[in-house]
Amino acid sequence: MKSAVFVISVLWIVFIIYFVGLKLQLRSLRRQLEYRIHAPIKKPLALEMQDNDLMALTAALNQIFRQDEEFRRLQNMNENEYKELITNISHDLRTPLTVLKGYLQLLECCEIDETGKKYLSVCFRHTDELERRIRQFFEYSYWMNQEQELHLKILNVTNLIVDTMTDFIPMFEEKGQMMRLHQNTIYKGLADEELLRRVMQNLLKNCLQYSVGEVVVIITQDTNQFMRLPQNLVPKDSVCICVQNPIAEDSELDSSKIFQRFYVERKERNQSTGLGLSIVKLLVEKMQGEVFALRDENLLTIGFYLRTSL
């Protein structure tokens with residue numbers, strides 16, 4: 001009887017030791033998994049306890065991690081090749097386009113009839129459009145490959161945006177469109193001057209192409225006054241800059257996809273590369289900001305937030 005009790009006691013002790021060891025090993029695996037999340041070098045999981053099931057689980061996890069790392073490596077390699085391809089295409093197309101425009105300008109100086117002038121005007125219009133698209137590709141590839149850390153600083157956002165709008169007045173007048181700043185209150189935000197100017201230029205160019213009425217630029221810290229944004233989309237301590245403009249009533253524009261690379265409203269129209277607003281998103285995020293787009297029937301609002309402090 002005593003020997004049976006002794007055996008049971010020993011078995012319980014062995015079980016408790018095994019159970020404690022199992023708990024300690026699971027805790028160790030959890031800590032290793034948590035460390036992997038932020039670790040620059042991903043080490044494989046290590047196991048001290050020689051348990052078949054735990055060893056199989058650890059081996060399976062390490063296999064998944066290796067496959068994931070290989071997938072990410074190939075994905076990064078493909079993305080880099082894609083960026084390089086865009087850059088090379090942009091460079092390769094610029095030279096023949098410049099030559100083509102040069103010969104068209106020479107042809108314009110020659111004696112040609114009215115029909116020839118009409119055809120020449122069409123050629124100029126299409127080469128200008130091609131040049132604009134190539135410039136967009138080049139700009140996008142440049143900023144995608146730009147990994148240098150920006151030195152952001154507090155800028156007078158209102159003044160910079162007013163200056164940019166002033167530069168666009170002749171272009172809006174030429175197209176018979178109206179543009180105005182809602183209120184000239186001074187707001188400041190954390191930004192890079194060149195990038196912020198490029199963002200506003202792309203937004204205003206987008207309006208020139210798609211707006212069917214007055215364009216209103218709004219700078220505010222009270223977004224509820226001008227638009228209904230979900231509270232989770234409104235960052236704290238930020239200034240909001242947005243551009244509102246009416247669009248065609250039959251427009252099929254999807255505001256949830258507007259910042260996607262190469263998204264265009266109707267592909268059959270073939271009017272745009274869809275890169276302009278992708279560049280906006282890219283540049284705003286480089287300034288640690290956020291973009292948004294809303295559509296309320298035929299009123300489109302595209303905007304972004306900038307932090308107001310370092």
Side-chain angles (χ1 to χ4, degrees), residues 157-158 160-169 171-172 175 177-191 195-266 269 271-272 274-308:
V157 172
T158 304
L160 190 146
I161 289 175
V162 169
D163 288 345
T164 307
M165 292 176 66
T166 302
D167 294 338
F168 273 77
I169 289 176
M171 287 177 271
F172 274 83
K175 294 198 69 173
Q177 292 183 334
M178 298 292 293
M179 170 183 59
R180 66 180 173 90
L181 181 67
H182 183 268
Q183 55 187 18
N184 199 16
T185 306
I186 297 298
Y187 287 101
K188 295 185 178 182
L190 186 67
L195 266 61
L196 181 55
R197 194 178 298 276
R198 295 300 298 153
V199 166
M200 286 307 302
Q201 287 172 347
N202 278 325
L203 288 177
L204 293 176
K205 286 176 183 176
N206 186 73
C207 291
L208 277 170
Q209 189 167 5
Y210 296 109
S211 177
V212 295
E214 184 184 45
V215 175
V216 181
V217 178
I218 301 168
I219 311 171
T220 183
Q221 287 183 310
D222 182 14
T223 53
N224 290 328
Q225 184 179 356
F226 301 101
M227 65 205 86
R228 296 177 182 177
L229 282 176
Q231 288 302 309
N232 63 324
L233 292 181
V234 182
K236 295 181 179 179
D237 301 323
S238 61
V239 58
C240 174
I241 300 99
C242 63
V243 179
Q244 289 184 336
N245 65 273
I247 55 177
E249 292 184 2
D250 64 343
S251 170
E252 299 175 4
L253 184 107
D254 186 345
S255 61
S256 65
K257 298 179 180 178
I258 207 167
F259 293 108
Q260 291 180 7
R261 189 166 57 189
F262 302 123
Y263 170 74
V264 291
E265 178 189 349
R266 296 178 182 173
R269 288 184 179 178
Q271 291 180 336
S272 171
L275 276 176
L277 295 178
S278 297
I279 294 172
V280 167
K281 182 176 186 294
L282 181 64
L283 299 186
V284 168
E285 290 178 349
K286 282 183 177 291
M287 293 187 289
Q288 302 175 15
E290 299 177 34
V291 296
F292 65 88
L294 299 171
R295 179 178 177 179
D296 184 8
E297 295 183 351
N298 70 324
L299 182 65
L300 178 66
T301 302
I302 302 174
F304 58 97
Y305 289 99
L306 293 176
R307 290 164 48 195
T308 55

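Nothing here was measured: the structure is a model prediction, and the numbers come from that model.
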More than 12 heavy atoms from other groups under 6.0 Å of NZ on K188: no

Residue among L204, V215, V243 satisfying side chain to side chain contact (heavy atoms under 4.5 Å, CB included) with M165: L204

For the student: nearest non-hydrogen atoms of S211 and Q177, plus distance: O-NE2, 3.0 Å

Side chain proximity check, N298 to V212, heavy atoms < 4.5 angstrom: no

Spacing of CD1 belonging to I258 relative to OG belonging to S278, to within rounding of 0.5 Å: 10.0 Å

Any L195 side-chain heavy atom under 4.5 Å of K286 side chain: yes

Distance, nearest 0.5 Å, that separates CZ of R197 from CG of L160: 4.5 Å

For the student: nearest non-hydrogen atoms of R295 and A248, plus distance: NH2-O, 4.2 Å

Between CD on residue E290 and CE on residue M287, distance to nearest 0.5 Å: 12.5 Å

Residue pair C207 / N245: nearest heavy atoms and the distance that separates them: SG-OD1, 3.5 Å

Contact check, side chains of T185 and T158, non-hydrogen atoms, under 4.5 Å: no

Side chain proximity check, Y305 to F292, heavy atoms < 4.5 angstrom: yes

The single option from V199, N202, L203 passing side chain to side chain contact (heavy atoms under 4.5 Å, CB included) against L277: L203

Heavy-atom donor-acceptor pair, T308 side chain to G189 backbone, under 3.5 Å: no

Smallest separation among heavy atoms of F168 and Q201, with atom names: CZ-O, 3.6 Å

Spatial distance of atom CZ (F304) from atom CG (L283) [nearest 0.5 Å]: 10.0 Å

M179 side chain reached by V216 side chain, heavy atoms, under 4.5 Å: no

Over 12 foreign heavy atoms within 6.0 Å of CE, M171: yes

CD1 on I302 to CD1 on I241, rounded to 0.5 Å: 14.0 Å

Y187 to I219 - nearest heavy-atom pair and separation: CE1-O, 3.2 Å

Least distance between heavy atoms, L208 atom then K175 atom: O-NZ, 2.6 Å

Straight-line distance of I247 CD1 to Q244 CD, nearest 0.5 Å: 12.0 Å

